[in-house]
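Input: a single structure, listed below in structure tokens.
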Amino acid sequence: MRLLFLNGPNLNLLGTREPGVYGRLTLAEIEARVRDTARGLDPLLEIDFRQSNHEGELITWIQEARGSAGAIVLNAAAYTHTSIGLRDAISAVGVPTIEIHLSNVHARESFRHQSLIAPVCRGVIAGFGAESYILAIHAAVTITKA
Ligand code: DQA
């Protein structure tokens, strides 16, 4: 099974971006942890791990997931709070999607408390740093087997 990990704007800056909020791991280091965990769980799990600063590119990748990915793990970053386009793409393709965040968005500024995508996602994982990505692999495997 293929799991598609999508990362939104500014997540390419992880490692140096507000380390007190987002930790010191780079996105490449998080990707390596995801790949290690997936390999240990099931060697047949295929991980596709991408980042874009562009809303439209993320939407295109969600559209392309139909029929090619068992689940999407989405850290939409700031687009979580603004993007009807991402929400509509998730609804349109019907691929089970797990919303994730490094930080606990509910413990932060009020504009981060609303997610436009959460209502069309299977579930949300937030606040565990890079571990949010690892928890999401387990969740993705569980929901795709159910
Ligand atoms: C984030 C939380 C968002 O509010 C923020 O805009 C991000 C990262 C997180 O992973 O904690 O860029 O998605």
Side-chain angles (χ1 to χ4, degrees), residues 1-15 17 21-23 25-106 108-146:
M1 184 189 49
R2 189 166 152 267
L3 294 183
L4 179 61
F5 281 75
L6 296 182
N7 295 280
N10 300 307
L11 293 172
N12 54 315
L13 301 179
L14 288 178
R17 176 192 181 199
V21 177
Y22 298 117
L25 291 181
T26 64
L27 193 59
E29 288 167 338
I30 293 174
E31 176 179 353
R33 288 187 181 202
V34 165
R35 290 188 183 283
D36 277 358
T37 304
R39 211 173 297 122
L41 272 180
D42 177 353
L44 295 178
L45 264 185
E46 193 190 322
I47 302 295
D48 189 340
F49 196 99
R50 306 181 189 188
Q51 188 274 333
S52 178
N53 290 327
H54 303 280
E55 187 176 9
E57 190 164 39
L58 293 162
I59 290 171
T60 298
W61 289 341
I62 291 169
Q63 291 179 3
E64 289 170 356
R66 197 198 320 236
S68 70
I72 300 171
V73 176
L74 175 62
N75 186 348
Y79 292 143
T80 306
H81 317 295
T82 63
S83 179
I84 297 170
L86 278 177
R87 175 192 174 121
D88 286 351
I90 296 164
S91 291
V93 301
V95 178
T97 299
I98 301 166
E99 173 182 336
I100 68 166
H101 301 283
L102 294 149
S103 63
N104 178 358
V105 284
H106 299 288
R108 300 182 63 197
E109 303 95 324
S110 58
F111 62 82
R112 295 184 205 277
H113 297 176
Q114 189 192 19
S115 167
L116 295 187
I117 64 175
V120 295
C121 287
R122 282 293 296 273
V124 180
I125 298 169
F128 300 99
E131 192 64 22
S132 293
Y133 286 75
I134 304 303
L135 292 168
I137 303 176
H138 292 280
V141 168
T142 302
I143 63 173
T144 51
K145 280 191 181 148

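As a basis for the values below, the full set of heavy atoms in this structure was taken, side chains included, without hydrogen atoms, waters or symmetry mates.
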Rounded to the nearest 0.5 Å, what's the gap from [atom1] on [X] to [atom2] on [Y]? Could you check?
X      : Y      : atom1 : atom2 : value
Phe128 : Ile100 : CZ    : CD1   : 12.0 Å
Thr60  : Glu55  : OG1   : CD    : 10.5 Å
Asn7   : Asn12  : CG    : CG    : 9.5 Å
Asp88  : Gln63  : CG    : CD    : 10.5 Å
Ile62  : Arg87  : CD1   : CZ    : 13.0 Å
Ile30  : Ile134 : CD1   : CD1   : 8.5 Å

Validation: residues 137-146 side-chain donor-acceptor distances under 3.5 Å, sequence neighbours left out:
{"from": "Thr142", "atom 1": "OG1", "to": "His138", "atom 2": "O", "distance (Å)": "2.8"}
{"from": "Thr144", "atom 1": "OG1", "to": "Ala140", "atom 2": "O", "distance (Å)": "2.8"}
{"from": "Thr144", "atom 1": "OG1", "to": "Val141", "atom 2": "O", "distance (Å)": "3.1"}

Handout entry: From CA spacing to verdict: side chain to side chain contact (heavy atoms under 4.5 Å, CB included), Arg17, Leu11
Key = CA-CA 8 Å; Arg17 176 192 181 199; Leu11 293 172; 3.7 Å; yes

Handout entry: Trace of the side chain to side chain contact (heavy atoms under 4.5 Å, CB included) decision for Asn75 with His101
Key = CA-CA 6 Å; Asn75 186 348; His101 301 283; 3.7 Å; yes

What are the two closest heavy atoms between [X] and [Y], and how far apart are they?
X     : Y     : result
Thr26 : Glu29 : N-OE1, 2.9 Å
Ile59 : Gly85 : CD1-C, 3.7 Å
Ala76 : Pro9  : O-CD, 3.7 Å

Give the table of side-chain donor-acceptor pairs shorter than 3.5 Å for residues 111-124, with sequence neighbours excluded, one pair per line with atom names and distance.
{"from": "Arg112", "atom 1": "NE", "to": "Glu109", "atom 2": "OE1", "distance (Å)": "2.7"}
{"from": "His113", "atom 1": "NE2", "to": "His106", "atom 2": "O", "distance (Å)": "3.2"}
{"from": "His113", "atom 1": "NE2", "to": "Arg108", "atom 2": "O", "distance (Å)": "2.8"}
{"from": "His113", "atom 1": "NE2", "to": "Glu109", "atom 2": "O", "distance (Å)": "3.4"}
{"from": "Ser115", "atom 1": "OG", "to": "Glu99", "atom 2": "OE1", "distance (Å)": "2.9"}
{"from": "Ser115", "atom 1": "OG", "to": "Glu99", "atom 2": "OE2", "distance (Å)": "3.3"}
{"from": "Ser115", "atom 1": "OG", "to": "Ile117", "atom 2": "N", "distance (Å)": "3.2"}
{"from": "Ser115", "atom 1": "OG", "to": "Ala118", "atom 2": "N", "distance (Å)": "2.9"}

Problem - Residues Leu4, Val95; criterion side chain to side chain contact (heavy atoms under 4.5 Å, CB included); working and verdict - result: CA-CA 10 Å; Leu4 179 61; Val95 178; over 6 Å; no

Problem - Leu102 vs Tyr133 side-chain heavy atoms within contact, under 4.5 Å - result: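 Heavy-atom side-chain distance check passes, below 4.5 Å.
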
Problem - Check ion pair Asp36-Arg33 (N to O, under 4.0 angstrom) - result: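 No, this pair does not count.
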
Practice task
Look at the side chain of Gln51 and the backbone N and O of Gly8, then say whether any donor-acceptor pair between them is shorter than 3.5 Å.
Solution key: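 Here the side-chain-to-backbone pair exists.
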
